[in-house]
A.B. asks: 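Have a look at this one.
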There are 2 protein chains.
Amino acid sequence: MANRVRRSMPILPISIVMQLTELTARQIRYYEEHGLISPARTDGNKRMFSLYDVDKLLEIKDYLDQGLNMAGIKKMFEMASRPQNVMSEPKNLSDEDVRRIFREEMIPGKSFTGKNFRQGDLSRFYQ
Amino acid sequence: MANRVRRSMPILPISIVMQLTELTARQIRYYEEHGLISPARTDGNKRMFSLYDVDKLLEIKDYLDQGLNMAGIKKMFEMASRPQNVMSEPKNLSDEDVRRIFREEMIPGKSFTGKNFRQGDLSRFYQ
DNA sequence: TTCGTATGTCATATTACCTTACATGCAGTT
DNA sequence: AACTGCATGTAAGGTAATATGACATACGAA
């Protein structure tokens, strides 16, 4: 379907991300400082966030509620970003496969049903 | 489908709208001055645009290319925002009907196929 | 030419964001 | 109780990205 804004396009200023996530600027910057997100920057050094970043911030909130710390959350993201080794057989995945899997499993909004993603967080902003 | 950002939510600063539409700030403000768009404002008076606003700006560009002036474009928007009188019979539309028609015919992204909307303008920002 | 329209450009003001630094509340340790 | 580390609050000082208003300009129509 061709009618969905690119989730990776940096279009949101921090003020809007604060509203969408109910996080403070301090929190958002702190998470960036610890490598959990990497928002784009304008020429003038202002952070610009994508919808993908917003999804990630909501995940971070959730993990924090569950008692994880920065290091733990970072690990979770690292795990989620590589194809998991379900069986022990070598899979012989091509780069293209990896990219497809990443897209389908990691990027929220593609398959919202995976266990890595909670449903309903962004639902108030969708119609 | 529940997975589309509310098109009416003001989330975009003017700099991003400039990129998305390839309009200058001057142009965007001028169109607002003439009542073609009505972006929201922050507490500090900065304009914040919705995706709906972006669609409208792209329409304005198109109409300008076709030689319309501000007044003409405004009329077009007024026309598009009311249910057109296809047959001369009284239709007995309920308020709910009117709202549905408005949604389906006016709001871009719902039915992108109507003659009121050009396809492909925003396509580079969608996937 | 003169006029109107859409847009460019500049000056000046203010907001929204930046970084840095220090403060604070709390959970575990010792 | 005192000490530590972590996540967050908060304040100071700097600047990018807006805002408005005024004047300039290109161009087509009268």
Side-chain angles (χ1 to χ4, degrees), chain A residues 9-51 53-54 56-78 121, chain B residues 9-78 121:
Chain A
M9 180 175 257
I11 54 176
L12 308 173
I14 198 168
S15 55
I16 295 297
V17 175
M18 291 169 65
Q19 294 175 212
L20 295 179
T21 61
E22 294 176 293
L23 291 167
T24 65
R26 180 69 168 94
Q27 289 175 300
I28 295 169
R29 293 186 193 120
Y30 185 73
Y31 305 152
E32 180 189 15
E33 191 181 327
H34 285 263
L36 301 186
I37 52 171
S38 298
R41 298 285 182 134
T42 65
D43 289 343
N45 201 36
K46 314 285 180 178
R47 290 174 183 81
M48 294 300 295
F49 299 78
S50 65
L51 289 174
D53 290 324
V54 173
K56 244 181 149 183
L57 286 169
L58 290 172
E59 274 198 272
I60 291 168
K61 272 187 81 171
D62 206 43
Y63 283 137
L64 282 171
D65 282 347
Q66 293 172 42
L68 302 219
N69 61 11
M70 296 296 109
I73 298 172
K74 195 166 185 185
K75 265 285 183 273
M76 295 299 290
F77 287 156
E78 282 167 13
D121 281 332
Chain B
M9 180 175 257
I11 55 175
L12 308 173
I14 197 168
S15 53
I16 295 297
V17 175
M18 291 169 65
Q19 293 175 213
L20 295 178
T21 61
E22 293 176 294
L23 291 167
T24 64
R26 180 68 169 93
Q27 288 174 301
I28 295 169
R29 294 186 193 121
Y30 186 73
Y31 305 152
E32 180 188 15
E33 191 181 328
H34 287 262
L36 300 186
I37 52 171
S38 297
R41 297 285 183 134
T42 65
D43 289 343
N45 202 37
K46 313 286 178 177
R47 291 172 182 83
M48 292 299 295
F49 300 79
S50 65
L51 290 174
Y52 174 69
D53 290 324
V54 173
D55 281 330
K56 245 181 149 182
L57 286 169
L58 290 171
E59 274 198 90
I60 291 168
K61 273 187 81 170
D62 207 44
Y63 283 137
L64 283 171
D65 281 348
Q66 293 172 43
L68 301 221
N69 61 10
M70 296 296 109
I73 298 171
K74 194 166 185 184
K75 265 282 182 277
M76 295 299 291
F77 286 156
E78 283 166 12
D121 280 331

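Lettering follows sequence order; numbering is per chain, from 1.
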A.B. asks: Would you say D:dT18 has OP1 or OP2 under 4.0 Å from some side-chain N or O of B:S15?
C.D. replies: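 Looking at the OP1 and OP2 atoms of D:dT18, one of them is under 4.0 Å from a side-chain N or O of B:S15.
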
A.B. asks: In whole angstrom, give the distance that lies between atom CD1 of B:I14 and atom C1' of D:dA17.
C.D. replies: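 Answer to the nearest Å: 10 Å.
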
A.B. asks: Output, in order, the C-alpha distance, side-chain angles, deciding distance and verdict of salt bridge (Lys or Arg N to Asp or Glu O under 4.0 Å) for A:K75 and A:E78.
C.D. replies: CA-CA 5 Å; A:K75 265 285 183 273; A:E78 282 167 13; 3.5 Å; yes

A.B. asks: Tell me: NZ of A:K61 to P of D:dT8, nearest whole Å?
C.D. replies: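 Taking atom P of D:dT8 as the reference, NZ of A:K61 is at 11 Å.
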
A.B. asks: Enter the distance from A:L57:CG to A:D62:CG here, rounded to the nearest 0.5 Å.
C.D. replies: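 The distance works out to 12.5 Å.
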
A.B. asks: Please round to the nearest 0.5 Å and tell me the distance separating atom CG of B:L58 and atom CD of B:E22.
C.D. replies: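 It is 9.0 Å, given to the nearest 0.5 Å.
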
A.B. asks: Distance check: side-chain N/O of A:R41 vs OP1/OP2 of C:dT19, anything under 4.0 Å?
C.D. replies: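 True: A:R41 side-chain N/O within range (under 4.0 Å) of C:dT19 OP1/OP2.
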
A.B. asks: State whether B:Y30 places a side-chain N or O below 4.0 Å from either non-bridging phosphate oxygen (OP1 or OP2) of C:dA6.
C.D. replies: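 Answer is yes, contact under 4.0 Å.
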
A.B. asks: For A:R47, report the nucleic acid contact type (base, sugar-phosphate, nothing); a contact means any heavy atom under 4.0 Å.
C.D. replies: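 Here A:R47 touches the backbone only, sparing every base.
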
A.B. asks: For the side chain of B:T42, starting at C-beta, report the closest nucleotide among D:dA7, D:dT8, C:dA16.
C.D. replies: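 That would be C:dA16.
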
A.B. asks: Nearest whole Å is fine: how far is D:dG14 P from A:K46 NZ?
C.D. replies: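 Roughly 14 Å, once rounded to whole Å.
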
A.B. asks: Report yes if at least one side-chain N or O of A:R26 is closer than 4.0 Å to OP1 or OP2 of D:dA7; otherwise report no.
C.D. replies: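 So the side chain of A:R26 is outside the cut-off, no N or O lying under 4.0 Å from OP1 or OP2 of D:dA7.
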
A.B. asks: Distance check needed: D:dC6 P versus A:D65 CG, whole Å only.
C.D. replies: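 So the CG-P distance, A:D65 to D:dC6, works out to 20 Å.
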
A.B. asks: Let me know the distance between CD1 of A:I16 and P of C:dA16, rounded to the nearest Å.
C.D. replies: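 In whole Å, C:dA16 P lies 11 Å from A:I16 CD1.
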
A.B. asks: For the pair made of CD1 in B:I28 and C1' in C:dA6, what is the distance, rounded to whole Å?
C.D. replies: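 Computing the B:I28:CD1 to C:dA6:C1' distance gives 14 Å.
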
A.B. asks: Roughly how many Å is it from CZ in A:F49 to P in C:dC17, rounded to a whole number?
C.D. replies: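 Taking CZ of A:F49 and P of C:dC17, I get 10 Å after rounding.
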
A.B. asks: Within this structure, what is the CG-to-C1' distance between B:N69 and C:dA6, rounded to whole angstrom?
C.D. replies: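 Rounding to the nearest Å, CG of B:N69 and C1' of C:dA6 are 10 Å apart.
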
A.B. asks: At less than 4.0 Å, is any side-chain N or O atom of B:N45 found next to OP1 or OP2 of C:dT15? Yes or no.
C.D. replies: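 Indeed not, no polar side-chain atom of B:N45 lies that close.
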
A.B. asks: Work out which heavy atom in B:P13 is nearest to a heavy atom in A:I11; give both atom names and the distance.
C.D. replies: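 Residues B:P13 and A:I11, closest heavy atoms: CD-O, 3.6 Å.
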
A.B. asks: Taking B:E32 as the fixed residue, which of B:K56, B:R41, B:R26 is the one that meets the salt bridge (Lys or Arg N to Asp or Glu O under 4.0 Å) rule?
C.D. replies: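 Answer after filtering B:K56, B:R41, B:R26: B:R41.
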
